[in-house]
Amino acid sequence: MNRKIKLLTLLIVTVLSTNILKAQTTTEEITTEFFKTFEKSPQKAVDYVFGTNKWMMDRNKDGIENVKTQLTSFLGLVGDYYGYEKITEKSVGESYKLVSYMIKYDRQPVRFTFVFYKPKDKWQVQNFQYDDNLDDELEESGKVYRLKENWE
């Protein structure tokens with residue numbers, strides 16, 4: 001009986017560690033897992049995303065707790081969650097990438113921005129931030145001096 005418990009425990013640990021490693025293969029897999037977790041618990045999603053970076057988790061626990069508290073408070077003001085859409089993806093070389101998403105809520109959209117870094121063979125979140133300035137940027141992008149025909 002004791003041997004079966006040990007074998008079952010070993011199997012569970014192996015499966016869980018395989019899933020954790022697999023979830024960090026690409027930046028898209030990290031953000032997909034983030035949003036899947038986010039639907040149930042925004043705080044756990046923040047823990048997950050910062051958990052991809054051992055340096056962040058070890059050295060900035062207070063900052064992460066602050067992000068979770070502020071995000072939870074902010075999300076309480078925007079209404080029901082309806083999903084997300086990718087806005088943009090930019091990279092510097094093959095190992096540093098910014099990915100931005102629009103998160104859809106009743107009251108207004110919110111932007112989540114992830115900065116990823118791959119120092120060796122796996123991606124980690126280097127920075128995560130959120131804001132609600134999408135309307136300002138959309139208006140700015142429509143200004144006459146920004147129009148392509150006025151660039152010359």
- Measure the shortest side-chain to side-chain distance between K97 and E89 over non-hydrogen atoms and say whether it is less than 4.5 angstrom. yes

- 4.5 Å side-chain heavy-atom contact, I103 and R111: no

- Message: Please check this pair: side chain of E139 against backbone of D136, looking for a donor-acceptor N/O pair closer than 3.5 Å.
- Response: no

- Taking C-beta and beyond as the side chain, do K90 and V99 meet within less than 4.5 Å on heavy atoms? no

- Message: Ignoring hydrogens, what is the shortest heavy-atom contact between D132 and D135? Give both atom names and the distance.
- Response: O-OD1, 3.7 Å

- Is there a donor in the side chain of D106 and an acceptor in the side chain of Y82, or the other way round, less than 3.5 Å apart? yes

- F116 side chain reached by T52 side chain, heavy atoms, under 4.5 Å: no

- So, does T69 use its side chain to make a donor-acceptor pair with the main chain of E65 at under 3.5 Å? yes

- In this structure, are over 12 heavy atoms from other groups packed under 6.0 Å from F74 atom CZ? yes

- Could you tell me whether the side chain of I87 reaches within less than 4.5 Å of the side chain of L134, counting heavy atoms only? yes

- Query: Of all heavy-atom pairs between Q129 and N127, which one has the smallest distance, and what is that distance?
  - Reply: OE1-ND2, 4.2 Å

- Would one find more than 12 heavy atoms of other residues, nucleotides or ligands at under 6.0 Å from atom NZ of K36? no

- For E85, salt bridge (Lys or Arg N to Asp or Glu O under 4.0 Å) partners two or more places apart: K104

- Under 3.5 Å side-chain donor-acceptor pair for Y101 and T31: yes

- Identify whether V78 and V46 are in the same connected component of the hydrophobic contact network (ILVMFWY, side-chain heavy atoms under 4.5 Å). yes

- Task: Mind telling me whether F35 and F112 have parallel, tilted or perpendicular rings, with 30° and 60° as the class edges?
- Result: parallel

- Message: Testing the basics here: between D47 and K68, what is the closest heavy-atom pair and its distance to 0.1 Å?
- Response: OD1-NZ, 2.9 Å

- Query: Side chains of Y48 and I30: does their closest heavy-atom pair fall under 4.5 Å?
  - Reply: yes

- Task: Measure up the F128 and F114 rings against each other and bin them: parallel (under 30°), tilted (30 to 60°), perpendicular (over 60°).
- Result: tilted

- More than 12 heavy atoms from other groups under 6.0 Å of CD on E28: no

- Taking side chain as C-beta onward, heavy atoms only, is Q126 less than 4.5 Å from N53? yes

- Quick one: do Y105 and L71 end up in the same hydrophobic cluster if we chain Ile, Leu, Val, Met, Phe, Trp and Tyr together by side-chain heavy atoms under 4.5 Å apart? yes

- Message: Hydrophobic clusters here meaning ILVMFWY residues chained together by side-chain heavy-atom distances under 4.5 Å, can you tell me if Y81 and V49 are in one?
- Response: yes

- Can you check whether Q124 reaches P119 side chain to side chain, under 4.5 Å on heavy atoms? yes

- Query: Which atoms form the tightest heavy-atom contact between T27 and W123, and what is the distance?
  - Reply: CG2-CD2, 3.5 Å

